[in-house]
J.: 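Below: one structure in structure tokens.
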Amino acid sequence: MRLDGAKITLVDARAEHLYQPGLSLVAAGLKPAGYTVSNTTDWLPQGITLVAEHAAAIDPIAKTVATTGGQSIPYDFLVVAPGLVLDHDAIEGFSLDMVDQNGIGALYAGPHYAAKTWEAASKFT
Ligand SMILES: Cc1cc2nc3c(=O)[nH]c(=O)nc-3n(C[C@H](O)[C@H](O)[C@H](O)COP(=O)(O)OP(=O)(O)OC[C@H]3O[C@@H](n4cnc5c(N)ncnc54)[C@H](O)[C@@H]3O)c2cc1C
């Protein structure tokens with residue numbers, strides 16, 4: 001193994017892991033909202049350290065990640081995978097409080113809205 005003996009650290013403040021593909025099943029009425037939510041720690045392989053804070057800054061010269069809690073974590077190799085932040089306000093005429101009214105759904109917005117999307121679909125059918 002090329003990284004045999006590597007010390008791996010995950011920096012992420014989100015305690016809840018969201019199984020995003022499962023949102024489709026919630027919005028289709030096949031699973032309850034809670035099906036998509038688990039603990040991030042449930043998925044950590046042995047030997048990986050979780051720093052439950054957000055990254056605030058990266059210094060690629062000093063090779064450190066500063067966390068929102070004030071830690072400075074040194075690294076040899078850094079993988080940055082922050083995902084996306086959905087911007088529902090950018091959709092003209094739409095807001096999340098419309099979900100479940102007039103046949104409107106928004107399953108990407110999270111488990112709560114995926115369940116409301118199923119409610120909207122149920123009313124329609
Ligand atoms: C409804 C739906 C259905 C989907 N179906 C499929 C499917 O069938 N097959 C498939 O392959 N994909 C599917 N996807 C896509 C898949 O779920 C995403 O592509 C995947 O979850 C993205 O993973 P990610 O790690 O890039 O981002 P995320 O899962 O969003 O994780 C990003 C993480 O970065 C953390 N983060 C952000 N900023 C910081 C920071 N400053 N410091 C520390 N941590 C930070 C966040 O807290 C988060 O935990 C689906 C998505 C949706 C919404």
Side-chain angles (χ1 to χ4, degrees):
M1 212 161 67
R2 290 171 76 184
L3 283 178
D4 198 18
K7 189 180 161 207
I8 299 174
T9 303
L10 175 67
V11 180
D12 194 337
R14 195 168 71 175
E16 286 187 337
H17 177 269
L18 185 60
Y19 173 48
Q20 292 181 28
L23 295 173
S24 312
L25 301 179
V26 175
L30 297 172
K31 295 283 183 189
Y35 166 75
T36 57
V37 184
S38 57
N39 297 318
T40 299
T41 49
D42 292 344
W43 303 101
L44 286 182
Q46 247 189 343
I48 297 202
T49 305
L50 173 67
V51 175
E53 297 175 28
H54 265 80
I58 297 165
D59 184 337
I61 308 293
K63 289 192 159 186
T64 55
V65 174
T67 68
T68 45
Q71 294 192 58
S72 177
I73 303 168
Y75 66 85
D76 295 312
F77 300 98
L78 179 68
V79 176
V80 180
L84 299 173
V85 176
L86 299 180
D87 184 4
H88 292 97
D89 291 340
I91 304 170
E92 202 179 324
F94 174 77
S95 64
L96 281 173
D97 55 16
M98 293 174 165
V99 175
D100 188 28
Q101 293 167 33
N102 303 312
I104 296 175
L107 68 153
Y108 278 42
H112 172 71
Y113 290 103
K116 282 181 111 33
T117 298
W118 169 239
E119 284 173 30
S122 303
K123 281 181 203 159
F124 176 72
T125 55

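Since the structure is predicted, the reported quantities are computational estimates derived from the model, not experimental observations. The figures here come from the full heavy-atom set of this structure, side chains too, leaving out hydrogens, waters and symmetry mates. Order of appearance sets the numbers: ligands from 1, and atoms from 1 within every ligand.
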J.: Any idea which atoms of ligand 1 are less than 4.0 Å away from a heavy-atom of R14?
T.: 47 (O), 48 (C), 49 (O)
J.: Taking all atoms of both residues into account, what is the closest heavy-atom pair of L96 and Y113, and its distance?
T.: O-CE2, 3.5 Å
J.: The criterion is side chain to side chain contact (heavy atoms under 4.5 Å, CB included); which residues satisfy it with S95, sequence neighbours excluded?
T.: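 For S95, the residues satisfying side chain to side chain contact (heavy atoms under 4.5 Å, CB included) (neighbours in sequence not counted) are D97, M98.
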J.: Looking only at non-hydrogen atoms, find the nearest pair between G70 and E53 and report the distance.
T.: N-OE1, 4.1 Å
J.: Report yes if the side chains of P32 and V26 come closer than 4.5 Å at any heavy-atom pair, otherwise no.
T.: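 Side-chain contact under 4.5 Å: no.
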J.: Run the numbers for me: atoms of ligand 1, each under 4.0 Å from some heavy atom of S24, listed by number.
T.: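 Near S24, the atoms of ligand 1 are 1 (C), 3 (C).
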J.: Heavy-atom distance from atom 32 (C) of ligand 1 to the protein below 4.0 Å?
T.: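 Yes; the ligand atom in question has protein heavy-atom contact below 4.0 Å.
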J.: Between I58 and Y75, what is the shortest heavy-atom contact and its length?
T.: CG2-OH, 4.0 Å
J.: Just let me know how A81 lines up against ligand 1, side chain, backbone, both or neither, with a heavy-atom cut-off below 4.0 Å.
T.: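 It is the backbone that gets close, since no side chain atom is under 4.0 Å.
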J.: Once side chain to side chain contact (heavy atoms under 4.5 Å, CB included) is applied, do any residues pair with A120, and if so which ones, sequence neighbours excluded?
T.: D100
J.: Out of A13, G110, A56, P21, whose heavy atom sits nearest atom 4 (C) of ligand 1?
T.: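 Looking at heavy atoms only, P21 sits closest to atom 4 (C) of ligand 1.
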J.: Does ligand 1 come near enough to D12 that some N or O of the ligand is less than 3.5 Å from an N or O of the residue?
T.: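 Yes.
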J.: Among L10, V11, V26, which one has a heavy atom closest to atom 44 (N) of ligand 1?
T.: V11
J.: Evaluate L84 for polar contact with ligand 1, using N/O atom pairs at a separation under 3.5 Å.
T.: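 For ligand 1, there is no N or O atom that lies under 3.5 Å from one belonging to L84.
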